[in-house]
Novice: 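Questions regarding the structure given below will be posed in turn.
Below, read A as the first sequence line, B as the second, and so on, with proteins coming before strands; counting in each chain starts at 1.
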Amino acid sequence: MNTSTGYAPRNYKIVKHKDKTLLEVAMGPHHPSTHGVFRMDVKLDGETIIDLIPYFGYLHRNHEKLAEDMTYFSTMPYTDRLDYLCSMTNNWAYALTVEKLANISVPERAEYIRVIIGELTRLVNHMLLVGFYINDLGAIGTPLLYALREREKILDLFEWASGARMMCNYLRFGGIREDVSDEWLASCNKLVDAFPYFLDEYDQLLTGNEIVISRSQGVGVLSKELAINAGITGPMLRASGVNYDLRKTDSYSIYDRFNFRVPLGQFGDCYDRFMLRLLEMRESITILKQALRDIPKGEIQSKVPPVLKPKPGEAYGRIESPKGELGFYLVSDGSVNPYRYRVRPPSLINLTLLRDLCIGHKLADTIIIFGSIDIVLGEVDR
Amino acid sequence: MQDTLNLFVMNIGQWLSANLGTLNNPDQIIVEIARWLRTEFGNWGVVGFILANLMATVPLIAVFSGCFALTTWLERKGLGRIQNRYGPNRVGPYGLFQPMADGIKMLLKEDIVPERADKIGHFLAPVIIMIPAMTGLVFLPIGRNIIAASIDSALLFFFAIGSIVSLSVFMAGWASHNKFSLVGGMRAIAQLVSYEMPLILSAVVVVMFVGSMNTSVIVEAQQIKSWVTSDAPALQCLGQVLGWHVFQPWGLMGFLLLFVSALAEANRSPFDLPEADSEIIAGHLTEYSGFKYALFFLAEYVNTFAIIGICTTLFLGGWNGPNIRPPWSDDPQALLIPGFVWFFLKIFVLMGIMIWIRGTLPRLRIDQLMGFAWKFLLPLAIINLLVAGCFYHMEWYFGWPFSILILCKSYAIVVRLNKSKLVNSNRTYTYA
């Protein structure tokens, strides 16, 4: 048995199973809980996971190579399809990188709108995660559908602003595509005001639930050191107690103007990861309230040449996407196409620790550990 | 032939005017009809004999299959409302014909047998699971004198038959030649065998008290006889309610234990591990399609009915309910509202609670599930057994406080012993 990862699983001693036949189960690529086409080859001793090998790539579609044969702008709609639940933040990360590469400034109002839709996207993502997490725990549908109900309202706002509910393609280099109306801002305000009630309802239903607690506490514990060494980012890292939020450390865009806190977990188990999303949603609400209060009137698009030809050079832009650090790395050779285009997908890098988190746990735990990592296969495989 | 038919119709007319015209005892209408039919069939020789026997079983299958259809509708509708959506509403009024549409779909679907499956086992499993499920219904007293088989060892037979379910579930899991099915089958065996213990131990309490395993006798015992036979309607009502075993300390504990074990025995949420869809697809049902799948589904629900029927019979007074004698009747045993109304009302209330639980609770993990059976339910069931024994021999003013005290205390102790040190419900989160 290979235990080279240096991680000692909880309550389980790995012994050599020479004279025992183990059950090897291929969970996926078609499985209700893999959230897409993903396969885990699991070795089982009874119900306990002895070994787990994740396989991905079923959804690989040559995203990075495609982008190198297209103009900078033509890639924008394709970034929607990376993490298809949070297209707005994908757009944002890509736009940020190109703006860095070509030295494009962004007007004030556009920055505010970016923050607003970025935080709304975080709400969408975290709500879905929390809903699906409880769904994986076995509460069939109920919490998920309550989360989806609220998500629909935000998607309505997205549709109003950009014309699409999920594949928004809303951001442009140096601004945004369409300005939002005052009515839009008013509805957004209304939604933001009502949202904490939904969170309270969710809290009452779930966070104190005996079964949720006993199923997820102490499961899939991720230590601080391992999390840092593996390059984990986002809520998963913060659940392990590491204070690292790009909105604070980088304060990209205009995040230094807002007052918000970064919740930190203590134990780094599934429950912390689950709770952290709920707490982050509350912080997102405070950011949204401030942004909606302060948003100025004015331009939404700065001057950008019709044919974008950045000077030769390279740029790495990153934002705190709902799933973690989403980075784009671009190398320009002075032509209309990027010479090299590379995505740093938080989903993929957070997923790499799946085996270490799962070994020694039960089969049912694999599902919730996998669920608590929060991945989207579109981003993992690209 | 024509003459026989004429005679038959004439007989019905005569019988109706003789018996139903007075409606002496509405509770016994079905019994009277059955008895009369049986005497009619008695003249028909062998055919009559077969018909008379079928009369005991066919209505049972028909009624509970109807209940199954209604329950699937109720479950989908109820779950829908819990989950903030409509549920089935396309087929018929309020989607009431949805079960029929589902049934037709199931019948028309291709029956797929995996190539490397154990063909015989794969075929036999859904057939075999129907046997214990349907047989369990035989012992339910649906009303006074309405019972298919009133035998003295009914309860013993019920639990013995019920344990066959785990065999066929494992058969399905093994024969499917699918790893998810196998895991589901293993889970089912572990779960069903473990929960058999608290299930039976919590039912034994009633047997100790009543002194009989005959379900009809158990139901009769849950009346306060002197009140029921009195003339005051209020007393009659109360006499048929307050005597339920659930209104005594050991009975309440026994009922709760039995109901929780019944959830596990019937593979209902939160103990639906053998077919946990988010973990092992559909467990032992993964490789079943078409009518075989429908049979499993039917058997599962009928099994649920049987087990909550036993819950009702043992603790909730069976067909007893707030009921009075019809004023015009001189029969001391007559009841205005037929007993089977109360029985089915209670069954559907319990079913509703199961649906509610299903829409609310997440699933347990396998080790927690086993721990819950062996470390929580079983000790409580044994303590309950002892308490019931003491209660039986004590005067009421001593027995009540004693048993309440002991049960509450032991519950608290068992809860504390079961509390995991890893789990803390009051976590605090810091902000950077």
Side-chain angles (χ1 to χ4, degrees), chain A residues 10 23-27 30-33 44 46-47 134-146 148-149 205-215 217-219 238 241 243-245 248 261-267 269 271-272 275-276 279 283 362-368 371, chain B residues 75-76 78-85 87 178-184 186-187 190 268-273 275-282 286 355-372 415 418-432:
Chain A
R10 183 181 66 103
L23 189 67
E24 282 185 43
V25 186
M27 296 180 78
H30 302 293
H31 188 278
S33 299
L44 290 176
E47 285 263 342
I134 303 291
N135 204 43
D136 288 346
L137 274 176
I140 323 140
T142 312
L144 174 65
L145 283 158
Y146 276 70
L148 283 174
R149 179 191 64 192
L205 270 174
L206 295 173
T207 52
N209 186 303
E210 197 88 5
I211 301 179
V212 171
I213 288 174
S214 58
R215 277 288 309 268
Q217 288 194 354
V219 171
R238 293 194 284 276
N243 177 18
Y244 181 72
D245 188 328
K248 286 279 188 197
R261 304 173 298 172
V262 180
L264 294 180
Q266 243 182 319
F267 302 91
D269 54 10
Y271 187 76
D272 272 356
M275 275 303 288
L276 225 67
L279 296 174
E283 296 307 315
K362 297 279 183 285
L363 181 65
D365 292 333
T366 322
I367 303 297
I368 60 164
Chain B
E75 175 145 24
R76 292 177 63 179
L79 272 184
R81 297 320 308 196
I82 289 173
Q83 295 174 355
N84 193 27
R85 57 189 172 84
N178 179 318
K179 284 160 183 174
F180 291 114
S181 302
L182 188 60
V183 174
M186 291 195 308
R187 281 182 174 188
R268 299 285 306 189
S269 173
F271 307 111
D272 54 347
L273 276 92
E275 46 204 74
D277 56 340
S278 63
E279 293 152 24
I280 48 171
I281 324 285
T286 309
I355 293 169
W356 183 13
I357 290 174
R358 185 176 166 203
T360 319
L361 288 182
R363 193 182 296 121
L364 287 172
R365 204 197 301 147
I366 184 82
D367 54 325
Q368 291 166 346
L369 177 95
M370 303 303 269
F372 189 65
V415 165
N418 270 298
K419 203 145 216 164
S420 166
K421 285 180 191 67
L422 292 167
V423 167
N424 171 22
S425 52
N426 296 316
R427 278 195 184 176
T428 50
Y429 289 87
T430 50
Y431 290 90

Novice: Not counting sequence neighbours, which residues clear side-chain contact (heavy atoms from CB on, under 4.5 Å) with B/Arg81? List them please.
Specialist: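 Only B/Tyr86 meet the side-chain contact (heavy atoms from CB on, under 4.5 Å) criterion with B/Arg81.
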Novice: Report the C-alpha separation of A/Met27 and B/Glu279 in whole Å, then their side-chain angles, then the decisive distance to 0.1 Å, and conclude whether the side-chain contact (heavy atoms from CB on, under 4.5 Å) test is met.
Specialist: CA-CA 9 Å; A/Met27 296 180 78; B/Glu279 293 152 24; 5.7 Å; no
Novice: Identify which part of A/Leu206 has an atom lying under 4.5 Å from any heavy atom of chain B, answering side chain, backbone, both or neither.
Specialist: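 Contact with chain B is absent: no heavy atom of A/Leu206 under 4.5 Å.
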Novice: Checking the side chain of B/Lys179 only, and the main-chain atoms of A/Glu24 only, is there a donor and an acceptor separated by less than 3.5 Å?
Specialist: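 Between the backbone of A/Glu24 and the side chain of B/Lys179 there is a qualifying donor-acceptor contact (under 3.5 Å).
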Novice: Between B/Leu79 and chain A, with a heavy-atom cut-off of 4.5 Å, which part of the residue counts as in contact: side chain, backbone, both or neither?
Specialist: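 Answer is neither: B/Leu79 stays 4.5 Å or more from chain A.
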Novice: Using heavy-atom distances under 4.5 Å, tell me whether B/Ile281 contacts chain A through its side chain, its backbone, both, or neither.
Specialist: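 When you check distances to chain A, atoms from both the backbone and side chain of B/Ile281 fall under 4.5 Å.
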Novice: Examine whether an atom of A/Phe267 lies under 4.5 Å from a heavy atom of chain B, and if so say whether it belongs to the side chain, the backbone or both; otherwise answer neither.
Specialist: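 The side chain, not the backbone.
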Novice: Measuring heavy-atom distances to chain B, does A/Asp269 have an atom under 4.5 Å in its side chain, in its backbone, in both, or in neither?
Specialist: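 The answer is the side chain of A/Asp269.
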Novice: CZ/B/Arg363 to CD1/A/Ile140 distance, rounded to the nearest 0.5 angstrom?
Specialist: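 Going from the CZ atom of B/Arg363 to the CD1 atom of A/Ile140 covers 6.5 Å.
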Novice: Could you tell me which of A/Gly371, A/Gly208, A/Pro143, A/Ser33 has the largest number of non-hydrogen atom pairs under 4.5 Å with chain B?
Specialist: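 Result: the option with the highest number of such pairs is A/Ser33.
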Novice: With rounding to the nearest 0.5 angstrom, report the OG1 to CZ distance, A/Thr207 to B/Arg427.
Specialist: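 Atom-to-atom, A/Thr207:OG1 and B/Arg427:CZ are 12.0 Å apart.
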Novice: Looking only at non-hydrogen atoms, find the nearest pair between B/Tyr429 and A/Leu276 and report the distance.
Specialist: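 Closest approach of B/Tyr429 to A/Leu276, heavy atoms only: CD2-CD1, 4.2 Å.
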Novice: Run the numbers on A/Glu47 and B/Arg187 for salt bridge (charged side-chain N to carboxylate O under 4.0 Å, His left out), then give the verdict.
Specialist: CA-CA 9 Å; A/Glu47 285 263 342; B/Arg187 281 182 174 188; 2.6 Å; yes
Novice: Indicate the atoms forming the closest heavy-atom contact of B/Ile82 with A/Tyr146, along with that distance.
Specialist: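 It is O-OH, 3.1 Å.
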Novice: Only pairs of heavy atoms separated by less than 4.5 Å count here; which of A/Thr142, A/Leu137, A/Val212, A/Leu145 has the most with chain B?
Specialist: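 So the answer, after comparing A/Thr142, A/Leu137, A/Val212, A/Leu145, is A/Thr142.
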Novice: Just verifying a value: how many Å separate B/Phe180 CZ and A/His31 NE2, rounded to the nearest 0.5 Å?
Specialist: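 Interatomic distance, B/Phe180 CZ to A/His31 NE2, rounded to 0.5 Å: 4.5 Å.
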Novice: So which heavy atom on A/Asp365 is nearest to which on B/Arg365, and how close?
Specialist: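 Looking at all heavy atoms of both residues, the closest pair is OD1-NE, 3.0 Å.
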Novice: Tell me every residue that passes side-chain contact (heavy atoms from CB on, under 4.5 Å) with B/Thr360, counting only those two or more places apart in sequence or in another chain.
Specialist: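 side-chain contact (heavy atoms from CB on, under 4.5 Å) list for B/Thr360, sorted by chain: B/Trp356.
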Novice: By a 4.5 Å heavy-atom criterion (distance strictly below it), what part of A/Glu210 contacts chain B: side chain, backbone, both, or neither?
Specialist: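 Contact with chain B is absent: no heavy atom of A/Glu210 under 4.5 Å.
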Novice: Measure the CG-NZ distance between B/Asp367 and A/Lys362 for me, rounded to the nearest 0.5 Å.
Specialist: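 Reported value, rounded in 0.5 Å steps: 5.0 Å.
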Novice: Closest approach of A/Ile211 and B/Pro362, non-hydrogen atoms and distance?
Specialist: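 The pair with the smallest heavy-atom distance is CD1-O, 3.6 Å.
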Novice: Given that the side chain runs from C-beta out, which part of A/Ile367 has a heavy atom under 4.5 Å from chain B: side chain, backbone, both or neither?
Specialist: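 The side chain, not the backbone.
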